[in-house]
There are 2 protein chains.
Amino acid sequence: MELFAEDGYEATTVAGIAGRAGVTERTFFRHFADKREVLFAGEEQLQAVFVNAVTDAPADAPVSGLLIAALDAGGEALRCGRGRDFARVRNGIIVANEQLRERELLKLAKLSHAVTGALVARGVPDMTASLAGELVTLVFRTAFARWIAPGETRDLLELQREGLAAISDLTCAGAA
Amino acid sequence: MELFAEDGYEATTVAGIAGRAGVTERTFFRHFADKREVLFAGEEQLQAVFVNAVTDAPADAPVSGLLIAALDAGGEALRCGRGRDFARVRNGIIVANEQLRERELLKLAKLSHAVTGALVARGVPDMTASLAGELVTLVFRTAFARWIAPGETRDLLELQREGLAAISDLTCAGAA
DNA sequence: CTGCTGATGTCATGAACTGACATCAGTCAG
DNA sequence: CTGACTGATGTCAGTTCATGACATCAGCAG
């Protein structure tokens with residue numbers, strides 16, 4: 001992150017990263033699948049938080065309740081993680097580069113897919129589960145973007161609730 | 001697409017593609033930003049269809065109406081495009097490779113962003129526009145996936161409407 | 001001490017890109 | 001017609017990313 005912040009993502013070479021870490025390039029590629037992955041390693045843990053929230057919810061919870069449970073757990077995990085400022089720096093690096101944005105989108109798609117899987121495992125019908133899985137990451141992503149906006153001080157969970165409510169308004173109005 | 005279908009994406013080299021096309025590798029890279037892009041060139045047109053539908057909608061249309069207008073236009077464009085079978089082949093290649101899935105996600109994110117921009121230009125508030133933009137691609141993507149599923153014969157527009165209704169159910173139930 | 005295991009280094013190689021410059025066909029003003 | 005200009009392509013050299021094969025070395029179990 002130091003090097004990326006200094007010179008930008010493209011300008012820093014893998015050899016440079018490895019050198020700064022005191023290892024060889026070859027060793028770098030044994031720890032990270034590719035150059036981008038160095039910024040995304042460990043995202044499986046966040047995914048597990050979302051999935052567990054769905055899996056561990058009360059047996060009689062409606063789908064909408066599972067959706068909220070997942071969001072609450074995920075939001076909570078992030079809040080207790082490396083903090084908002086770290087997220088801001090990391091995000092600044094990512095949004096400055098399309099390759100990194102691509103990777104982030106893939107990670108989010110996997111998150112969505114994992115949540116969908118957890119819902120299906122609970123017996124939620126396929127299409128409903130799929131849409132709910134997508135909604136979870138949609139709300140999370142949108143709230144996260146606002147959470148790290150400069151000057152924003154509100155809580156991530158609060159922003160998530162607000163986003164969910166807005167979607168509700170949007171689609172219910174359309175249905176009516 | 002011939003080469004990708006034959007040998008798989010990773011196994012086919014840019015030199016191979018260029019050779020088959022009767023040009024040099026260097027020429028390939030003058031037409032396509034990178035190896036992946038060869039499968040995604042021309043997506044800006046589809047994006048324009050969505051955006052125009054929003055821009056050209058009646059001045060008094062509610063946001064939910066714009067959302068539907070965009071989806072109808074986009075779905076229509078795809079139906080009249082290269083056809084369902086072409087989409088199936090292309091999709092088979094894409095889903096078989098993570099790098100290609102990444103690129104597809106980026107394209108969809110850009111679509112979403114463009115729709116959001118068109119909504120903002122109409123005076124829709126930022127957050128609403130953003131969520132609506134996301135919803136458009138969410139519904140489109142989900143419906144598209146079912147559209148190209150083996151054995152599926154229903155119309156893309158019909159599948160989109162069904163998806164939108166399902167989201168409505170999901171979030172309105174949560175609000176109630 | 002011996003042999004195994006895991007992490008790392010070394011080397012060679014291929015494939016993906018990029019910049020600088022050359023070439024060549026069209027075309028358009030004079 | 002000629003010569004300058006333009007745009008598309010080719011040539012070539014070089015960088016970076018990524019991977020396979022093999023060597024090395026520390027630590028630990030028997």
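Chain letters run A, B, ... following the sequence lines, proteins first and then strands; every chain starts at 1.
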**Item:** Earlier contact from the 5' end, DNA chain C, for B:Asp34 and B:Arg30
**Value:** B:Asp34
**Prompt:** Distance check: side-chain N/O of A:His31 vs OP1/OP2 of C:dA7, anything under 4.0 Å?
**Reply:** no
**Request:** Round to the nearest Å and state the distance from A:Glu10 atom CD to D:dT15 atom C1'.
**Result:** 13 Å
**Item:** Minimum-distance nucleotide (side-chain atoms of A:Glu25 versus D:dA18, D:dC12, C:dA16)
**Value:** D:dA18
**Prompt:** Rounded to whole angstrom units, what separation is found between the CZ atom of A:Phe28 and the P atom of D:dA18?
**Reply:** 8 Å
**Item:** Between D:dA18 (C1') and A:Glu37 (CD): distance, integer Å
**Value:** 14 Å
**Complete:** Here the distance between atom P of C:dA16 and atom CZ of B:Arg103, to the nearest Å, is 14 Å
**Message:** Without decimals, in angstroms, what is the distance between B:Phe32 CZ and C:dA15 P?
**Reply:** 20 Å
**Request:** Take B:Glu37 and B:Lys107 through the salt bridge (charged side-chain N to carboxylate O under 4.0 Å, His left out) test and state the conclusion after the steps.
**Result:** CA-CA 10 Å; B:Glu37 195 63 15; B:Lys107 294 289 183 180; 2.8 Å; yes
**Request:** Take A:Tyr9 and B:Thr24, find for each the nucleotide of DNA chain D with the closest heavy atom, and name the residue whose nucleotide sits nearer the 5' end.
**Result:** B:Thr24
**Of the listed nucleotides D:dT16, D:dA18, C:dC17, the one nearest the side chain of B:Lys35** = C:dC17
**Asked** How many Å lie between CD on B:Glu98 and P on D:dA18, as a whole number?
**Response** 14 Å
**Gap separating the CD atom of B:Glu102 from the CZ atom of A:Arg101, nearest 0.5 angstrom** = 12.5 Å
**Prompt:** Can you tell me how far C1' of C:dA15 sits from CZ of B:Phe29, to the nearest Å?
**Reply:** 9 Å
**Message:** By the definition side-chain contact (heavy atoms from CB on, under 4.5 Å), identify the one residue from B:Ile17, B:Val38, B:Leu39 that meets it with B:Met1.
**Reply:** B:Leu39
**Request:** Validate the cation-pi geometry between A:Arg90 and A:Phe4: distance from NZ or CZ to the six-membered ring centre under 6.0 Å, angle to the ring axis within 45°.
**Result:** no
**Fill in**
So CG of B:Leu67 and OG1 of B:Thr128: to nearest 0.5 Å the spacing works out to 11.5 Å
**Item:** A:Arg26 CZ - D:dC25 C1' separation (whole Å)
**Value:** 18 Å
**Request:** Give the nucleotide from the list C:dA16, C:dG19, D:dA18 with an atom nearest to the side chain of B:Thr13.
**Result:** C:dA16
